[in-house]
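Below, chain A is the first sequence line, B the second, and so on; all start at residue 1.
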Amino acid sequence: MSNLNIRELAGGLSLTALGAVAAVYAASNYSIGSVTRMGPGMVPMVLGVILGAFGLVLMLQAFWVAPARGHIRVFIPAVILASIVAFAALITPFGLMPAVFALVVISSYAEQTVRPLTTLILAVSLCFTAWLIFVVALQLPLTLFNWPF
Amino acid sequence: MDLLANLALGLETALTPTNLLYCFFGVFLGTLIGVLPGIGALAAISMLFPITFHLEPTTALIMLAGIYYGTAYGGSTASILLNIPGGTSSAVTCLDGYPMAKQGRAGVALAMTAIGSFYGGVFGIIVLSVFAPAIASWALAFGSAEYFAIMVMGLVAASAISDGSLAKGLAMVVLGILLATIGMDPQSGVSRFTFGSLSLLDGLSISALAMGLFGVSEIISSVRNTDATKLDPKSFSYRTLMPTRDDIRRSWGPMFRASTIGSLFGALPGTGPSVASFVSYAVEKRVSAEPERFGHGAIEGVVAPETANNAADQTAFIPTLSLGIPGSATMALMIGALMVHGIHPGPKLVAEQPSLFWGLVMSFWIGNVLLVILNLPLIGLWVRLLAVPYHLLYPAILMFICIGAYSVHYSAFDVMVVFGFGLLGYLMRIFTMPAAPLLLGFVLGPLIEEHFRRAMIFARGDFTKVMERPITATVLILTVVVLAWSVWSGWRTSKRLRERAHLMQQKV
């Protein structure tokens with residue numbers, strides 16, 4: 001089979017796995033009930049089965065469809081997602097300003113050419129914008145700086 | 001005159017200073033976001049969604065709706081000047097808009113776009129204010145079985161008509177409904193898939209889900225792919241904006257036809273502004289005496305799709321507001337905004353919340369006027385914005401996403417939900433699985449489950465009893481027809497694609 005599309009196969013396989021896990025988890029942890037009186041587990045279980053079935057269809061289709069184009073990026077998603085994690089980790093213990101600063105500095109590295117000064121100016125001005133919009137204009141009760149120790 | 005009294009009430013609501021201000025914010029931000037490349041209406045609405053939690057429901061909806069139809073105006077600017085569609089609904093505009101710009105007639109194209117958009121918008125509003133209340137009063141008699149059937153049809157139509165494989169679209173709908181079951185089951189009180197986490201008890205936050213799925217994954221795909229283009233803002237003076245008598249003579253026919261086409265496709269489930277703009281472009285090319293002009297800067301090819309997508313933007317609110325069933329992912333977010341405020345959209349909405357419904361409708365008029373005012377004299381400003389480099393833009397977008405997600409419950413957990421769905425959204429792009437059906441499934445999930453369970457109780461677990469109800473049966477049969485048609489057409493397309501791939505291999 002020269003036409004087998006590995007990417008499609010992997011997509012279908014992961015949907016089937018996800019559906020199966022959801023169905024088994026729902027069936028073993030929540031009561032299913034009867035068709036007339038459905039328990040909380042019935043709908044998730046049925047959905048899991050349907051999702052798994054669609055995954056199987058996609059796996060079958062992987063033998064038909066044309067090979068996928070476009071390369072998979074690894075570095076850019078990793079950097080962007082890491083900047084979000086940094087924001088989530090910093091916002092509660094340290095406050096809004098350090099969180100925004102870290103987010104902007106880390107996410108800037110997704111671009112190939114990082115100029116430290118540009119990034120610094122961008123981070124400071126976005127901190128100011130965040131304060132202006134969310135604290136001054138919208139009056140959200142956000143802590144700007146915090147020191148947990 | 002009931003309608004007149006309602007319109008007066010609506011106008012009164014829409015003209016309060018707060019609503020007027022947020023209507024302006026909405027259309028302004030909408031135009032801004034529509035102009036900026038690499039960020040679409042859906043990402044924009046999900047980003048600004050958390051801000052609306054702090055507003056009155058009517059005001060919130062007026063602002064979100066303003067962003068929605070504002071992006072259509074802004075998107076056409078990017079299409080005409082740069083040949084980069086701001087969104088799928090303005091993709092067709094590139095075909096004739098960009099050649100016009102190259103001929104030095106960008107100003108005329110932009111001006112006629114604004115006029116056509118305004119006409120389309122106004123036509124759509126009239127259709128909306130006539131049909132939505134009528135459909136709502138008819139739908140009052142609907143029971144759970146009817147609702148279940150209509151929602152299934154809406155979801156199937158949305159995933160069947162969206163591009164790409166039908167199986168993927170439907171799988172994403174199912175995944176969306178499955179994700180919606182996370183949290184406390186309202187009927188039994190059992191917490192499902194929470195794994196002991198208190199933050200998950202209320203379910204996943206719709207704004208965090210949408211921002212991750214559309215905003216973050218969009219940024220990941222756009223970084224290092226988007227170039228800012230240099231344009232001379234001075235080339236758009238008032239004089240170049242003036243259309244000639246010939247332009248106007250050519251335009252009013254397309255405007256008339258496209259507004260009707262747009263209104264129809266906007267209201268149908270699954271189709272929307274994008275389909276409307278494609279169809280109206282095709283129709284104009286068919287009826288034109290000189291179809292060979294299309295693609296080389298024909299003014300009809302710019303006016304028709306822009307009129308149609310604005311009309312469709314307005315009539316998309318018909319099923320959303322009269323039945324509570326969104327036809328697109330953007331409309332699903334509107335429903336989400338209402339639900340956050342404890343308002344359950346459905347046929348009772350028009351009667352029970354007249355000031356919300358009519359206020360929103362009347363705000364569309366005001367918003368459309370504001371858009372014309374904003375767009376014509378400020379074109380120079382929008383053009384300058386196109387030159388903002390993306391590497392300065394995306395950290396700012398990420399910041400708004402993170403603060404927005406955090407500010408809903410002041411919990412870092414919601415930011416991590418954004419992270420999770422950003423990752424999922426990017427994986428889905430790799431596997432070319434569409435994200436819009438997932439959001440639709442997620443929003444309709446709880447309703448579908450509730451109506452399904454209730455319908456089965458009434459039918460005593462016998463599905464044939466459900467099919468004995470005439471409306472339910474008709475809708476479900478229609479769903480099967482849509483499904484069969486899209487399986488058939490999908491099979492035909494894939495056959496053609498394979499033949500083409502085969503030919504390519506032979507040539508090599």
Side-chain angles (χ1 to χ4, degrees), chain A residues 7-8 10-11 14-15 18 22 25-26 30-31 34-44 47-48 50-51 54-55 57-58 61 64-66 68 72-73 76-77 80-81 83-85 87-89 91-92 96 99-100 103-104 107-108 110-112 122-123 126 129-130 134 138 140-142, chain B residues 51 54 165 167-168 170-171 174-175 177-178 181 185 187-190 192-193 216-217 219-221 223-224 390-392 394-396 398-403 406-407 410-413 415-416 418-419 422-423 426-427 430-433 449 452-453 456-457 459-463 494 497-498 501:
Chain A
R7 206 187 279 189
E8 291 287 311
S14 31
L15 284 188
L18 193 65
Y25 189 87
Y30 315 119
S31 80
S34 67
V35 185
T36 323
R37 293 245 164 246
M38 290 183 210
M42 172 73 95
V43 170
L47 289 171
I50 300 175
L51 187 64
F54 277 125
V57 172
L58 288 180
Q61 281 183 347
W64 296 88
V65 293
I72 299 171
R73 297 170 154 202
I76 295 174
I80 299 277
L81 292 172
S83 72
I84 298 174
V85 174
F87 182 92
I91 182 96
T92 316
L96 182 67
V100 169
L103 172 85
V104 175
S107 68
S108 292
E111 278 285 336
Q112 214 140 28
L122 183 68
L126 282 180
T129 316
F134 291 97
L138 291 169
L140 302 185
L142 291 164
Chain B
I51 294 177
H54 310 280
S165 126
K168 281 179 183 169
L170 290 174
V174 174
L175 183 60
I177 306 175
L178 195 59
T181 62
D185 171 31
Q187 292 180 40
S188 61
V190 175
R192 297 185 288 191
F193 300 112
V216 175
S217 67
I219 290 174
I220 292 174
S221 316
V223 169
R224 287 193 215 169
Y390 196 70
H391 68 89
L392 296 180
Y394 79 86
L398 271 178
M399 180 193 82
F400 279 104
I401 289 177
C402 286
I403 300 180
Y406 177 76
S407 70
Y410 299 100
S411 95
F413 180 81
V415 184
M416 288 312 287
V418 173
F419 163 81
L423 183 63
Y426 184 62
L427 289 176
I430 293 176
F431 296 129
T432 58
M433 292 174 185
E449 184 182 353
F452 178 60
R453 280 160 83 166
M456 290 315 272
I457 291 173
R460 296 180 192 283
D462 183 5
F463 197 74
S494 77
L497 281 176
R498 250 179 306 134

| task | Applying side-chain contact (heavy atoms from CB on, under 4.5 Å), run through A:Ser83 and B:Leu398 and close with a yes or a no. | result | CA-CA 9 Å; A:Ser83 72; B:Leu398 271 178; 3.9 Å; yes
Flag the one option from [options] with the top tally of heavy-atom pairs under 4.5 Å to chain B.
{"options": "A:Thr129, A:Leu81, A:Leu15, A:Ile80", "result": "A:Leu81"}
{"options": "A:Leu47, A:Ile50, A:Val85", "result": "A:Leu47"}
{"options": "A:Val100, A:Leu96, A:Val104", "result": "A:Val100"}
{"options": "A:Val57, A:Ile91, A:Leu18", "result": "A:Ile91"}
{"options": "A:Gly39, A:Ala26, A:Ala99, A:Ser14", "result": "A:Gly39"}

| query | Which one, B:Val190, B:Leu178, B:Thr181, leads in non-hydrogen pairs under 4.5 Å with chain A? | reply |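 Counting heavy-atom pairs under 4.5 Å, the top option is B:Leu178.
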| When heavy-atom pairs shorter than 4.5 Å are enumerated against chain A, which of B:Arg453, B:His391, B:Met456 gives the highest number? |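 So the answer, after comparing B:Arg453, B:His391, B:Met456, is B:Arg453.
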| Nearest atoms (heavy-atom pairs only) where B:Phe452 meets A:Met38 |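 Nearest heavy atoms, B:Phe452 then A:Met38: CE2-CE, 3.5 Å.
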| Taking C-beta and beyond as the side chain, do A:Ile84 and B:Met416 meet within less than 4.5 Å on heavy atoms? |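 With C-beta onward as the side chain, the pair stays apart.
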| task | For residues A:Phe54 and B:Lys168, determine if any side-chain heavy atom of one lies less than 4.5 Å from a side-chain heavy atom of the other. | result |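 Heavy-atom side-chain distance check fails, nothing below 4.5 Å.
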| request: Mind checking ring-ring contact (aromatic ring centres under 6.0 Å, His included) for B:Phe413 and listing every partner two or more places apart, or none if nothing turns up? | output: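 B:Phe413 satisfies ring-ring contact (aromatic ring centres under 6.0 Å, His included) with no residue once adjacent residues are dropped.
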| Taking only residues two or more places apart in sequence or in another chain, which ones pass ring-ring contact (aromatic ring centres under 6.0 Å, His included) with B:Phe419? |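 So B:Phe419 forms no ring-ring contact (aromatic ring centres under 6.0 Å, His included) with any residue.
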| message | Is A:Leu58 in contact with chain B via its backbone, its side chain, both, or neither, using a 4.5 Å heavy-atom distance? | response |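 For A:Leu58, the side chain is the part near chain B, not the backbone.
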| said: What part of A:Leu122 gets within 4.5 angstrom of chain B, counting heavy atoms only: side chain, backbone, both, or neither? | reply: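 Only the side chain of A:Leu122 comes within 4.5 Å of chain B.
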| Heavy-atom proximity to chain A below 4.5 Å, by part of B:Thr432 |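 It is the side chain, since no backbone atom gets that close.
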| request: Could you check A:Phe87 against B:Ile403 for side-chain contact (heavy atoms from CB on, under 4.5 Å), going step by step and ending with a plain yes or no? | output: CA-CA 9 Å; A:Phe87 182 92; B:Ile403 300 180; 3.9 Å; yes
